[in-house]
Amino acid sequence: MSVATPEAPVSAGATPRAQKKRGPDRRPGLSRKLPYLLLAPAILLELLIHIIPMLVGIWMSFVKLTKFFIANWSAAPWAGLGNYQVAVDFDNAVGEGLLKSFGVTIAFSVITLALSWALGMAAAVALQPAFKGRSIVRTLFLVPYALPAYAGILTWNFMLQRDTGAVNHVLVDNLGLTSDRPFWLIGGNALISLITVAVWKLWTFAFLTLMAGLQSIPNDVYEAASVDGAGLVRQWRHITLPSLRPVNLVLVLVLFLWTFSDFNTPYVLFGTGQPPAGDLITFHIYNASFLTWNFGSGAAMSVLLLIFLMIVTGAYLIVTGRRSRRA
Amino acid sequence: MRLRSLVAAAAVSALGISLAACGGSDSGDSSGGNGGGDATLTYWASNQGTSLDNDKQVLTPVLEKFTQETGVKVNLEVIGWNDLQTRIQTAITSGQAPDVVNIGNTWAASLQATEAFLPFDGEAMDAIGGKDKFVPTALATGGKEGTDPTSVPLYGLAYGLYYNKAMFQQAGLQPPKTWEEMVAAAKKLTNPAKNQWGMALAAGSYTENVHFAFINAAQNKSEWFDADGKPTFTSDGNVQGVLRYLDLMQKDKVANPSNAQYDNGTKAVNDFATKKVAMVINQNNANSSIVANGMKPGEYGVVPFPAPAGGEQVASHVAGINLSIFKNTKNKDAALKFVKYMTDAPTQTTLGKPFASLPVLKDAKPAFTSDAAEAAIFSDIYNTKSKPLPLVPAEDQYESTVGKAMNAMFAKIATGGTVTADEVKAALKTAEDQVAASS
């Protein structure tokens, strides 16, 4: 659903506040209009690409857009809050399914975010000092980021097959860790697999961003700290982390929004046989819309997701902004 | 202030454009009339052969012959099964639809409910050669009972139980006639230590799973919807039917737990063709995969998928592909001519072999195999032992909810859990509630 684009909440929440400074306006007619004329194409495109589909999505969430009406969807009957009521009625199968999927997505998102950040940070710090072959290692780390997502995830699908996959071959045949071959793509392990693949895909972005952030910290700060007797851990806690704060604020938010609205990873990894333990919310909404032909209900779920993400983003920006001002 | 009015003006005009565009969907000229030489039809074919390219190669000469006979050109697009339903949904929503489209016949009643397709009423039915030319059970899949169908059968398919002749002979077994005999034979031919299994199941494919939920329940004389089209998923016959099928992996242990990851029928067929399993239940178009994987035609036999002793003799649902015309076609007459051509005897014979399909015409002989016994068995299953899946608008929801519930239950069994009759009932209740909530 177009409503749930990850960009939307960012722009909605991050609107800069202070833009009110206006000097006395003495420009003649044309040059006063010129900025608007120049802005017009961008505004028009923004309308066409984001705003209008979003409005249509919101409208869809208030109508009964089932298979009986999709051929003439502008005539779909009004459903009022009906689609929303079904989505949040957790005693009902649809609401219960959405709630479960929400829980899975929260777990997935938080763990993936934490692991990606930790790995990215570790690698960025480890590769900070110059050594021979550093650029080769850096390039290698970026491979998952450069690879088309589809190809990478499909390869994971092959590797995670129970009988023929490379993962079980190593774990069971080579290392002999268990005698029973575990399933990775169905049952409870599906979430572990999903997180592994998502981290594999995402951590290099964290690495790249943090590495760029590290470059901006002057080296003499470390030298001074080292002279004062601060060890590596203390240097990291008291110099690196505070200096990377602005980078981290954005990085954590972006990673959260990406993981929360990840569709490709479950879609390609599990195909049509997706297990309940890997039922991420965007994929759940896709199924609710397209498999059961209930686009009104799917749109209502998308709007709920959008509202949730906007609240989380807004709260995050307020809390972190307050702390920044205090610091 | 000025900026705000500019934005508002742009929004209003853009909205107007998009509404006008969607209004176009029902402004199509459905009066037809253009069946003459200069018409061009767009035809979306589903993937039937070994690849999309293979389909094109098979269909192109057939379509060229149609152009020679009628002067009507056909633009062909072959679409894979994973994309077909979404493409049809998009076509219905946007009004940018082809003239003629292949559909899975189980979708017929659901697609009919959209009212985007041309009903084959008396006149249209006569134009394509009359309803009497079709096998009645096949034609029955075309739409809801008691309505003019919005699709007509094109390729027929039916499930059969394929068995490995040599393995049966070595074990001193006869081809099974009842469910009990099938399970006994499968147990005898299972040896997990040697990775040898009695049966292969596409236990991770929700479409395959729902077919077997349906067939097993039908053998219990049980229905999934009542006369009003309301779901009756939790009836005893349905629960027991589903459990009987799950038990092939759970209680009887004649299927490899790995099968829970098989998300399409081909993987199970490949296990059969490479002799890892002694039996597989699949539709008759499995033949090409079996042979492509190295098994010779004489090495396997086919019998109807058996019912338990005393059960109803339902061995398959009426499977296959139907042909529909979009209502807003500008070439109604040409489209009807095309449907007539595709469902006439010579075309059916030409396409029967490459697409391994059963004829949907009365008295036609199957061309998909040179084995007369196999052809006779599949024809008998298709014509006398098949029952159409529920012909109700919610059929698509039935497929996805019940099928996915079975995926999850197989996954639980495969990963060491057990599924009781009560749990099957609870899962079917959830599926039923999902269908009720969204219809």
Side-chain angles (χ1 to χ4, degrees), chain A residues 32-33 35-36 39-40 43-44 47-48 51-53 55-56 65-75 86 89 92-97 160-164 180-190 270-277 287-298, chain B residues 2-3 6-7 10-11 14-15 18-19 22-23 25-26 82 85-86 89 92-93 95 110-111 113-116 195 204-207 256-258 260-264 327-328 393-394 396-397 399-401 404 407-408 410-412 414-417 429-439:
Chain A
R32 266 178 59 183
K33 280 185 192 144
Y36 297 126
L39 271 174
I43 291 174
L44 197 70
L47 273 173
L48 285 175
I51 311 287
I52 290 175
L55 292 177
V56 172
L65 197 57
T66 58
K67 63 171 94 59
F68 302 101
F69 299 102
I70 62 165
N72 188 9
W73 51 273
S74 50
V86 173
D89 175 7
N92 174 293
V94 176
E96 196 192 339
L160 292 167
Q161 292 291 325
R162 181 191 189 223
D163 287 347
T164 52
D180 226 13
R181 303 179 89 84
F183 281 100
W184 294 106
L185 295 174
I186 60 170
N189 287 346
F270 300 126
T272 53
Q274 116 271 21
N287 278 337
S289 307
F290 286 88
L291 275 186
T292 61
W293 296 59
N294 198 338
F295 298 93
S297 167
Chain B
R2 207 169 275 181
L3 178 65
L6 184 73
V7 171
L15 206 63
S18 68
L19 287 180
C22 69
S25 63
D26 49 7
N82 285 342
Q85 197 177 17
T86 317
Q89 283 172 340
I92 295 171
T93 316
S110 297
L111 288 174
T114 67
E115 295 185 4
N195 200 22
S205 157
Y206 78 91
T207 49
N256 188 343
S258 284
Q261 264 187 272
Y262 283 11
D263 57 4
N264 63 57
K327 208 191 229 170
N328 65 357
D396 50 356
Q397 289 155 323
E399 277 194 41
S400 57
T401 56
K404 286 189 181 266
N407 279 9
F410 266 125
K412 190 172 176 198
T415 50
K429 178 82 177 78
T430 303
E432 185 178 285
D433 288 349
Q434 283 171 330
V435 172
S438 51
S439 51

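Below, chains carry the letters A, B, ... as their sequence lines are ordered, and counting in each starts from 1.
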State, to 0.1 Å, how close [X] and [Y] come at their nearest heavy-atom pair, and which atoms those are.
{"X": "B:Glu399", "Y": "B:Tyr206", "result": "O-CD1, 3.5 Å"}
{"X": "A:Pro53", "Y": "A:Leu47", "result": "CD-O, 3.8 Å"}
{"X": "A:Val86", "Y": "B:Ala437", "result": "CG1-CB, 4.3 Å"}
{"X": "B:Pro393", "Y": "B:Ser110", "result": "O-OG, 2.7 Å"}

- Task: Go through the atoms of A:Pro275 and report whether side chain, backbone, both or neither lie under 4.5 Å from a heavy atom of chain B.
- Result: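 Interface part for A:Pro275: neither.
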
- Task: Select one option (side chain, backbone, both, neither) describing which atoms of A:Leu65 are under 4.5 Å from chain B's heavy atoms.
- Result: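 Nothing of A:Leu65, per the 4.5 Å heavy-atom cut-off to chain B.
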
- Task: Determine the option with the most heavy-atom pairs under 4.5 angstrom with chain B, choosing from A:Val94, A:Thr292, A:Asp180.
- Result: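 Highest number of heavy-atom pairs under 4.5 Å: A:Thr292.
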
- Picking from A:Arg162, A:Gln161, A:Glu96, which has the most non-hydrogen pairs under 4.5 angstrom with chain B?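 Most heavy-atom pairs under 4.5 Å with chain B: A:Arg162.
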
Non-hydrogen atoms of chain A under 4.5 Å away: do they reach the side chain of [X], the backbone, both or neither?
{"X": "B:Asn256", "result": "side chain"}
{"X": "B:Lys404", "result": "side chain"}
{"X": "B:Asn407", "result": "side chain"}
{"X": "B:Thr207", "result": "neither"}

- Query: Do B:Pro257 and B:Phe410 have side-chain heavy atoms sitting under 4.5 Å apart?
  - Reply: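 No. Closest side-chain heavy atoms not under 4.5 Å.
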
- Message: Contact between A:Asn287 and A:Gln274 at the side-chain level, heavy atoms closer than 4.5 Å - yes or no?
- Response: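 With C-beta onward as the side chain, the pair touches.
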
Looking at [options], which one has more heavy-atom pairs under 4.5 Å with chain A than the rest?
{"options": "B:Ser258, B:Ala408, B:Ser400, B:Ala431", "result": "B:Ser258"}
{"options": "B:Ala414, B:Gly417, B:Ala260, B:Ser205", "result": "B:Ala414"}
{"options": "B:Asp433, B:Thr401, B:Asp396, B:Thr415", "result": "B:Asp396"}

- For a ring pair (Phe, Tyr, Trp, His ring centres under 6.0 Å) with A:Phe295, tell me which candidate from A:Phe290, A:Phe69, A:Trp73, A:Phe68 qualifies.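 For A:Phe295, the ring pair (Phe, Tyr, Trp, His ring centres under 6.0 Å) test succeeds with only one of A:Phe290, A:Phe69, A:Trp73, A:Phe68, which is A:Phe290.
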
- Message: Looking only at the side chains, is there a donor atom on one of A:Lys67 and B:Gln89 sitting less than 3.5 Å from an acceptor on the other?
- Response: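 No, because no side-chain N or O of A:Lys67 sits under 3.5 Å from a partner of the opposite role on B:Gln89.
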
